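Structure record follows, encoded as structure tokens.
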Amino acid sequence: MKKVQFSRPLFPYLLLVPQLSIIMIFFYWPAAEAIRASFYLEDPFGFGSTFVGLDNYRDTLSGSEYGRVAWFTLIFTTLVAFFSLAIALLLAVKADTVLRGARSYRVALMWVYAIAPPVAGLMAILLFDQRLGPFTHMAQFFGWDFTLGVNYWDTATAMVIVSVWKQIPINFIFFLAGLQSIPRSVREAALIDNPNGLSRFFSVTFPLLAPTGFFLLIINITYALFDTFGVVDLIHKGEPGNNPVTLVYKVFLDGFRGGDLGGSSAQSVILMVLVLILTVVQFRFMERRVHYN
Amino acid sequence: MADIQTNSAASTVRRPRSKPIRWGLIGNHAILITGSLFMLLPVLLAFFTSTHTDVTIHKEGVQFFFGSEGGSNYHDAMFKKGGFSQNVDGARMMVNSLILGLGFAVGKIIISMMAAYAIVYFRFRFGTFAFWIIFTTLLLPLEVRILPSYEVVQSLGMLNTYSGLIIPLIASATGTFFFRQFFRSVPEELLEAARIDGAGPFKFFVDILFPLSQTMIAAIFIIMFVFGWNQYLWPTLMTTDESMFTLVRGVKQIMQAWVGGGNDIPEYSGAMALAILAMAPPIAIVIFFQNWFVKGLTESDK
Amino acid sequence: MAHVILDSVRKTYPNGYKAVHGADFNISDGEFIVLVGPSGCGKSTLLRMIAGLEDVTDGEIIIGDTVVNDVDPARRDIAMVFQNYALYPHMTVRQNMAYGLKNQRMSKDAIAERITEAAKTLRLEEFLERKPGQLSGGQRQRVAMGRAIVRNPKVFLFDEPLSNLDAKLRTQLRAELKALHKRLSGTFVYVTHDQVEAMSLADRIIIMSAGQVEQIGTPMDLYLQPASRFVADFIGSPSMNMLQGTIGADGHTVDMGNESTLRFAAPIDAQPGTKVDVGIRPEHLQATSSSAAQFGLTVDFIEQLGADTVVHGKLTGQTDPLTLRLTGVHSIATGESFSLHSALENIHLFDSATGKRLN
């Protein structure tokens, strides 16, 4: 914080009132409610609820359905994070090297950021359509009978492709900014010390980009876990039954469609813990990074 | 004479032959162009397709060129009443999207600037406590507490209202975090100079801090507007009244009509036109204000 | 105009760090005081306490005839010039200067008049409508001074105002500052870590180390009669030579080892056998015939500065470094030896253990 600060008796509290009241009503209250509900079994007809301790957690975690969804989420998250980071890094490195058209490339690679995931999902339904979609035609050309919304893994493929496509811009923007913040003198020193471009990249540029990369990794995991909701919701065309869904989607399904308030809340709490761990890891790491600087 | 000497000296210098073709450079451009096309093509195809009749699309598949129906398709997408209740059109949804995007961005900026100002520039009891209360919200995205949030909003009677749509989305500290980072980067001496110049907290904010924050505010505004405009899950739950639908929320309705349409030819072009309408404003803003947007993203997320 | 009194002023930060251990001094009306010391010695904290930017933990600060401990900075009738200028980047030069006066609800005409006058003094007339970003470092510094001058304060405070400028500009602005002080005849309190700046600007210097005031005096007091080894070392460039010695049995002599002895007329204020540091400035050593020699120097290398020649070497037969400054150009070879002599009044004795002056 600042060394010199104002000290006024009332003013800072007044400034904080709007933010704090919104947070209390729309964050802490629901979050507490989610935790509370996860220990209760709601009567399906709305006649009160009974305390069941950890039963909801046990039921959730022991269900084979949950394991399946968790596995898919893990695979999905890994693939989305890996491909969107790798492609974005490649593009950022190239965009950082070329002089001519650098600005146009930057725009061309970042504007997709502004497209909402469900809108991307809607386009995907057409582009991957079994009869009309060019991607399907291409897959058929290679002998892959691609059936979106029918075959579990075909749907999963489409989900991954759309999610990666949606996430490349933000990774690209951060990688490019990271590359551009590497001091000119360091690059020049490396240029003199090492004639081999590829080895120079891996011995100098890549380590210097590591903090950005780590930050993005967390962002991408969070994205794949939560922000892909719209993509998932659209691509299986309203039939989640035999199609892949992620953990967050299952919270929504069980809570709103299935009416299983306790189970859905327990899943929410499990996800909260997951995000908490991710965030703590991120803060830990950032603190260390600040320290090094 | 000196010239002759240098020339003769130069003739003994080894010179690499002609300039080599720079394959590396060509490769770089090839990769970048491929990447750009990968980003662009899906949207381009959706756009081309949206300018044909549904029958053409149904017969021939996704279109690769402009069609002749663009004008009427987009006119229908904007103004033809549709939906279950037959009283909502694209224009209405666009207005709702705008209200959500603007309301969210403006509300968030005002509220988080106030909070960040208190946290950074004031010494007061519970200051640290307030800080933690606020920043804990960064830990849990709306998605993991969606059901109870819905119930809270329901019990407050805010379903199908703009405030119910906007305010719960503001309940996270991202904006406050942005502004806190920015305020901390403002040189301390400015506050000291201002105090010697007789500026109190209010004057300092109005005369010095706010003018200095303008770029930052613009950057955050763009990010928040796009974020608000693109909200999907929350509006999907919150709004059951079709006249409250946003464009992005409407996407689901389209999909369901498409899938559940039975033997009719689905309204492919209408769907794609709506998709284009739903993405055009945020894309325009991001491209138009790209410098602010990039600055806002990369400088505050640290 | 006003005098400033600090009465056992202490500063302890909330984390327990003691920045100032107790400062006691009076600054007279119209005096140019320089607070000098290495970074972290508490000089800036002291200045900021006078400005009201830091709370005073203990003691009193009096400006004019008011105890200002709890007075808001804007009401202390002071002005401050910051190291990094602290100009409001979004305001023009004119607006920067006017801001404080506007907050005092001064009339527009009066403000304009003051700005015109200050701008004339500082040769800023043509920059008044520019923003700080369009000015050079020296110009920004002058704007910062202008912002202070227009307030017409009782006390001017300067926090290392020249340290972001290059050497040439620094010398030039130093002269301008001195002239400004004469002209305004205000009380100036000036913080710097640069001893040359302190020596050339100050009426009196307050030299600080580790939160303590080491010595207060005119530049020549500090140069000729440093109160401690710290002051002796800090003032003067190249710094004072420090040789090891022991007080002799009769209390008048210092045994330098190496069979040489310094005999002082007045008794030395220490027990026989006390270890002492014998300080001699490089410019106070003279080459001499071997009979009058107090020290021998073996040359390692020399620096030719044109006006001076600085000879670096070692005390002959020992490892203690010794520096000698000769006026003019001399050609001296490495390995050459000198016999050196210094007048006794230019030899300073400090207790090796406490660093306090003994003679």
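Each chain gets a letter, A, B and so on, in the order its sequence line appears, and its residues count up from 1. What's counted below: heavy atoms across the whole structure, side chains too, no hydrogens, waters or symmetry copies. No experiment lies behind these values; they were computed from the predicted model shown.
With hydrogens and angles disregarded, no donor-acceptor distance shorter than 3.5 Å links the side chain of A:Tyr13 to the backbone of B:Phe124. A donor-acceptor contact shorter than 3.5 Å links the side chain of A:Trp165 to the backbone of B:Phe38.
Of the two parts of B:Thr34, neither the backbone nor the side chain holds a non-hydrogen atom closer than 4.5 Å to a non-hydrogen atom of chain A. In this structure, chain A has no heavy atom under 4.5 Å from any part of B:Ile110. Heavy-atom distances place no part of A:Phe172 under 4.5 Å from chain B, backbone and side chain included. Residue B:Ser50 does not touch chain A at all, counting heavy-atom pairs closer than 4.5 Å. The parts of B:Thr136 that come within reach of chain A are both its backbone and its side chain, each placing non-hydrogen atoms under 4.5 angstrom from that chain. Of the atoms belonging to B:Pro42, heavy atoms from both backbone and side chain fall under 4.5 Å from chain A. When heavy atoms are compared at a cutoff of 4.5 Å, B:Val226 approaches chain A solely by way of its side chain, counted from C-beta outward. With a 4.5 angstrom heavy-atom cutoff, B:Leu147 touches chain A via backbone and side-chain atoms both. At a 4.5 Å heavy-atom cutoff, the contact between B:Met272 and chain A is made by side-chain atoms alone. In this structure, no portion of A:Ile270 lies under 4.5 Å from any heavy atom of chain B. No part of B:Leu169 comes within reach of chain A, as not one of its non-hydrogen atoms sits under 4.5 angstrom from that chain. With a 4.5 angstrom heavy-atom cutoff, B:Arg125 touches chain A via backbone and side-chain atoms both. Proximity to chain A is limited to the backbone of B:Ala199, based on heavy atoms less than 4.5 angstrom apart. With a threshold of 4.5 angstrom between heavy atoms, B:Phe227 does not approach chain A through any atom at all.
The candidate with the highest count of non-hydrogen atom pairs below 4.5 Å against chain A, out of B:Ile287, B:Val248, B:Ile283, is B:Ile283. Interface remark: of the candidates B:Ile167, B:Ile146, B:Val153, B:Ile167 forms the most heavy-atom pairs closer than 4.5 Å to chain A. Ranked by heavy-atom pairs shorter than 4.5 Å toward chain A, the options B:Ala278, B:Ala173, B:Pro141 are led by B:Pro141. Among B:Gly61, B:Ala116, B:Ser172, the residue with the largest count of heavy-atom pairs under 4.5 Å with chain A is B:Gly61. Most heavy-atom pairs under 4.5 Å with chain A: of the set B:Gly24, B:Ala280, B:Gly200, this distinction falls to B:Gly200.
The shortest side-chain heavy-atom distance between B:Val152 and A:Glu33 does not fall under the 4.5 Å cut-off. Considering only heavy atoms from C-beta on, A:Pro30 stays 4.5 Å or farther from B:Glu151 through its side chain. When side chains are defined from C-beta on, B:Leu45 does not count as touching A:Leu126, because their heavy atoms never get closer than 4.5 Å. Using a 4.5 Å cut-off on side-chain heavy atoms (C-beta onward), A:Leu234 and B:Tyr232 make contact. Here the side chains of B:Leu247 and A:Val119 are not in contact, with every heavy-atom distance at 4.5 Å or above. Counting only heavy atoms from C-beta outward, the side chains of A:Phe26 and B:Thr137 never approach each other to under 4.5 Å. Between A:Tyr113 and B:Asn230 the shortest side-chain heavy-atom distance does not fall below 4.5 Å. Taking 4.5 Å as the limit, some side-chain heavy atom of A:Arg131 sits within range of a side-chain heavy atom of B:His58.
Taking the six-membered ring where tryptophan is involved, the planes of A:Tyr105 and B:His29 are tilted, since the angle between them lies from 30° to 60°.
Residues B:Thr298 and A:Phe174 come closest through the heavy atom pair CA-CE2, 3.8 Å. Contact record, A:Gln19 with B:Ala115: OE1-CB, 3.3 Å, taken as the closest heavy-atom pair. Here the shortest heavy-atom pairing between A:Arg8 and B:Phe122 reads CG-CE2, 4.1 Å. The two residues B:Gly35 and A:Leu91 have their closest heavy-atom pair at CA-CD2, 4.0 Å.
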Q) Run the side-chain contact (heavy atoms from CB on, under 4.5 Å) check on B:Gln290 and A:Trp111 step by step: do they pass? A) CA-CA 9 Å; B:Gln290 49 170 306; A:Trp111 61 279; over 6 Å; no

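For the residue pair B:Tyr268 and A:Asp129, no side-chain donor N or O sits within less than 3.5 Å of a side-chain acceptor on the partner.
Between the CD1 atom of B:Ile133 and the CZ atom of A:Phe27 there is a distance of 10.0 Å, given to the nearest 0.5 Å.
Sequence neighbours left out, the pairs with a member in residues 92-115 of chain A that pass salt bridge (Lys or Arg N to Asp or Glu O under 4.0 Å) are A:Asp96-A:Arg187.
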